[in-house]
Peer 1: 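Here it is: the structure, laid out below.
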Amino acid sequence: MNHAPYPALRLRRTRSSPWSRAMVAETTLGPANLIWPLFVTDGTGVEEPIPSLPGVSRWSVDRVVARAREAAAAGIPCVALFPNTPRALRSARGEEALNPDNLMCRAIRAIRDAVPEIGVLTDVALDPYTAHGHDGIVDDAGRVLNDETMAVLVDQALVQARAGAGIIAPSDMMDGRVGAIRQALEVEGFHDVQIMAYAAKYASAFYGPFRDAVGSRGLLKGDKRGYQMDPANAEEALREVALDLAEGADTVMVKPGLPYLDIVRRVKERFQVPVFAYAVSGEYAMIEAAVAAGAADRDAMVLETLTAFRRAGCAGVLTYHALHAARLLGA
Ligand code: PBG
């Protein structure tokens, strides 16, 4: 006796035409699922291509506003800003992070004024402002000091909120910073300013081009393993997420993205909160290198990887391909 369900069951039936495939698709992907990271640099009318991130540039504030306008027109709900702080303004303690007229704050205000319909997400961490490239304040032995750093991060978050940030995204991995930032935001009346915690951020080899983009690669002494997570760990990621949520994070992020989709899935299943992933610079560079080598079709690869993030459980993805993808997806 043959108990095999074939030929009564043929899974190819629902795949046999585009209309049918559309009806059974389990995952959707649209521009609203994308956040576009943008690098800001000094000057006016400036575009500086980033060689290790082909197709991505740093923009002066006026130009970054134009990019935000394009993003909004393509249906992208939010942009993420990262400053390339001039060398002369970097210091051991990263004081420029607290300057209400720093590059970051000028860019936030300019986008708020010109493109009020788009959200602005700002990174809280000191690495774009420190002379040593670490995310916090370093002692004589080279250790990043948790509590001293946290006090500065709170002030950095307030400076960004006052400039008009809609989402504060601490990417520094200090313990306790989400709660401290939340409390300070409440005291100042920023009740609706969200916190997206870089909750599970790994010490990754995929951040290289980003460090070029914000000008911190050549400066970085040592590595970030004393505060960012070990790629070997998953249970620890769940503890990080649990703590950040308990401290008041509205949403959480897993970073990098594709190599950590198992973490996304576990976080989503355990906590049922909006989970975001950061498809980081090295991931973008890998796709672009494959395309440049003639080994892949960019559009197909971008849409497939972004769909994979959604399938794993992401509400959205921070990706340097955001504008390109949004335009591909646009009606
Ligand atoms: C810094 C920060 C990093 C990224 C986002 N915020 C780099 C790092 O931790 O060294 C990486 C993003 C990317 O690679 O695209 N706090």
Side-chain angles (χ1 to χ4, degrees), residues 34-40 50-58 78-85 90 94 96-97 103-104 121-138 144 146 149-150 152-153 156-157 160 165 167-174 177-178 181 195-231 240 252-260 276-289 305-306 309 316-322:
L34 305 171
I35 297 174
W36 195 19
L38 293 166
F39 297 106
V40 193
I50 300 157
S52 60
L53 219 41
V56 178
S57 295
R58 305 182 194 102
C78 185
V79 291
L81 301 181
F82 297 95
N84 176 36
T85 306
R90 290 173 192 254
E96 178 65 7
L103 204 45
M104 182 70 142
L121 179 152
T122 57
D123 208 72
V124 168
L126 298 183
D127 54 315
Y129 311 94
T130 51
H132 45 67
H134 277 291
D135 290 23
I137 293 168
V138 176
V144 174
N146 194 86
T149 297
M150 193 165 83
V152 183
L153 298 176
Q156 182 185 18
Q160 294 174 352
I167 304 180
I168 301 290
S171 73
D172 53 284
M173 292 299 279
M174 298 303 115
R177 88 285 203 216
V178 170
I181 291 171
I195 297 179
M196 181 186 291
Y198 284 76
K201 176 171 178 179
Y202 288 86
S204 172
F206 286 85
Y207 303 150
F210 173 95
R211 292 178 188 167
D212 291 336
V214 299
S216 70
R217 172 144 45 190
L219 304 176
L220 186 62
K221 302 220 169 32
D223 58 49
K224 299 191 178 183
R225 285 183 241 195
Y227 43 108
Q228 299 179 348
M229 282 185 54
D230 183 344
E240 283 283 3
V252 294
M253 196 202 295
V254 172
K255 177 183 175 188
L258 276 189
Y260 295 85
F276 291 80
Y278 199 143
V280 300
S281 55
E283 297 177 64
Y284 173 93
M286 282 201 311
I287 291 179
E288 289 302 314
T305 52
L306 292 174
F309 282 106
V317 187
L318 289 88
T319 169
Y320 301 99
H321 281 120

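Just so it is clear, the structure is predicted and the values come from calculations on it, not from any experiment. Remember, it's 1-based here, ligands and their atoms both numbered in the order they're listed.
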Peer 1: With the threshold set at under 4.0 angstrom, would you say K201 reaches ligand 1 through any of its heavy atoms?
Peer 2: yes
Peer 1: For atom 8 (C) of ligand 1, grab the closest protein heavy atom and report residue, atom and distance to one decimal in Å.
Peer 2: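 Scanning the protein heavy atoms, the shortest distance from atom 8 (C) of ligand 1 goes to K224 NZ, 3.3 Å.
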Peer 1: Could you tell me, atom by atom, which parts of ligand 1 come under 4.0 Å of a heavy atom of A125?
Peer 2: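 The list of qualifying atoms is 16 (N).
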Peer 1: Compare all side-chain heavy atoms of H134 with those of T149 and state whether any distance is below 4.5 angstrom.
Peer 2: no
Peer 1: Taking 4.0 angstrom as the limit and counting only heavy atoms of Q228, give me the atoms of ligand 1 inside it, by number and element.
Peer 2: 8 (C), 9 (O)
Peer 1: Can S216 and D127 be counted as having a side-chain donor-acceptor contact under 3.5 angstrom?
Peer 2: no
Peer 1: Under 4.0 Å, heavy atoms only, figure out whether ligand 1 is touched by the backbone of V280, its side chain, both or neither.
Peer 2: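 V280 to ligand 1: contacts from backbone and side chain alike.
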Peer 1: Taking the side chain from Y227 and the backbone from D135, do they hold a donor-acceptor pair closer than 3.5 Å?
Peer 2: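 Looks like yes, one N/O pair under 3.5 Å.
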Peer 1: Atoms of ligand 1 less than 4.0 Å from Y278 heavy atoms?
Peer 2: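 Here the atoms of ligand 1 in question are 12 (C), 15 (O).
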Peer 1: How far is atom 12 (C) of ligand 1 from its nearest protein heavy atom, and which residue and atom name does that atom have?
Peer 2: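 Ranked first by proximity to atom 12 (C) of ligand 1 is F210 CD1, 3.3 Å.
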Peer 1: Taking distance alone, with N or O pairs closer than 3.5 Å, would you say D172 contacts ligand 1?
Peer 2: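 There is no such contact.
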Peer 1: Which protein non-hydrogen atom lies closest to atom 14 (O) of ligand 1, naming both residue and atom, and how far is it?
Peer 2: S281 OG, 2.7 Å
Peer 1: Check for a donor-acceptor pair, side chain of T130 on one end and backbone N or O of G94 on the other, with a separation under 3.5 Å.
Peer 2: no
Peer 1: When you compare ligand 1 with Y320, is there at least one nitrogen or oxygen pair between them that comes in under 3.5 angstrom?
Peer 2: yes
Peer 1: Are E283 and P259 close enough that some pair of their side-chain heavy atoms sits under 4.5 Å apart?
Peer 2: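 The answer is yes, as the side chains (C-beta and beyond) meet within the 4.5 Å cut-off.
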Peer 1: Which residue holds the protein heavy atom closest to atom 16 (N) of ligand 1, what is that atom called, and what is the gap in Å?
Peer 2: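 In this structure, atom 16 (N) of ligand 1 has S171 OG, 2.7 Å as its nearest protein heavy atom.
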Peer 1: If I take atom OG1 from residue T122 and atom CE from residue M104, how far apart are they, to the nearest 0.5 angstrom?
Peer 2: 5.0 Å
Peer 1: Out of M173, E283, K255, whose heavy atom sits nearest atom 5 (C) of ligand 1?
Peer 2: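 Among M173, E283, K255, the closest heavy atom to atom 5 (C) of ligand 1 belongs to K255.
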Peer 1: Assess K201 against Y278: is NZ or CZ under 6.0 Å from the centre of the six-membered ring, and within 45 degrees of the ring's axis?
Peer 2: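 Cation-pi check for K201 and Y278: fails.
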Peer 1: Could you tell me if the ring centre of F39 sits under 6.0 Å from that of Y320?
Peer 2: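 So the answer is yes for these two rings.
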Peer 1: For A213, does its backbone N or O pair with a side-chain atom of R58 as donor and acceptor, under 3.5 Å?
Peer 2: yes
Peer 1: Quick test of your reading of the structure: of D127, V56, V124, T319, whose heavy atom lies closest to atom 1 (C) of ligand 1?
Peer 2: D127
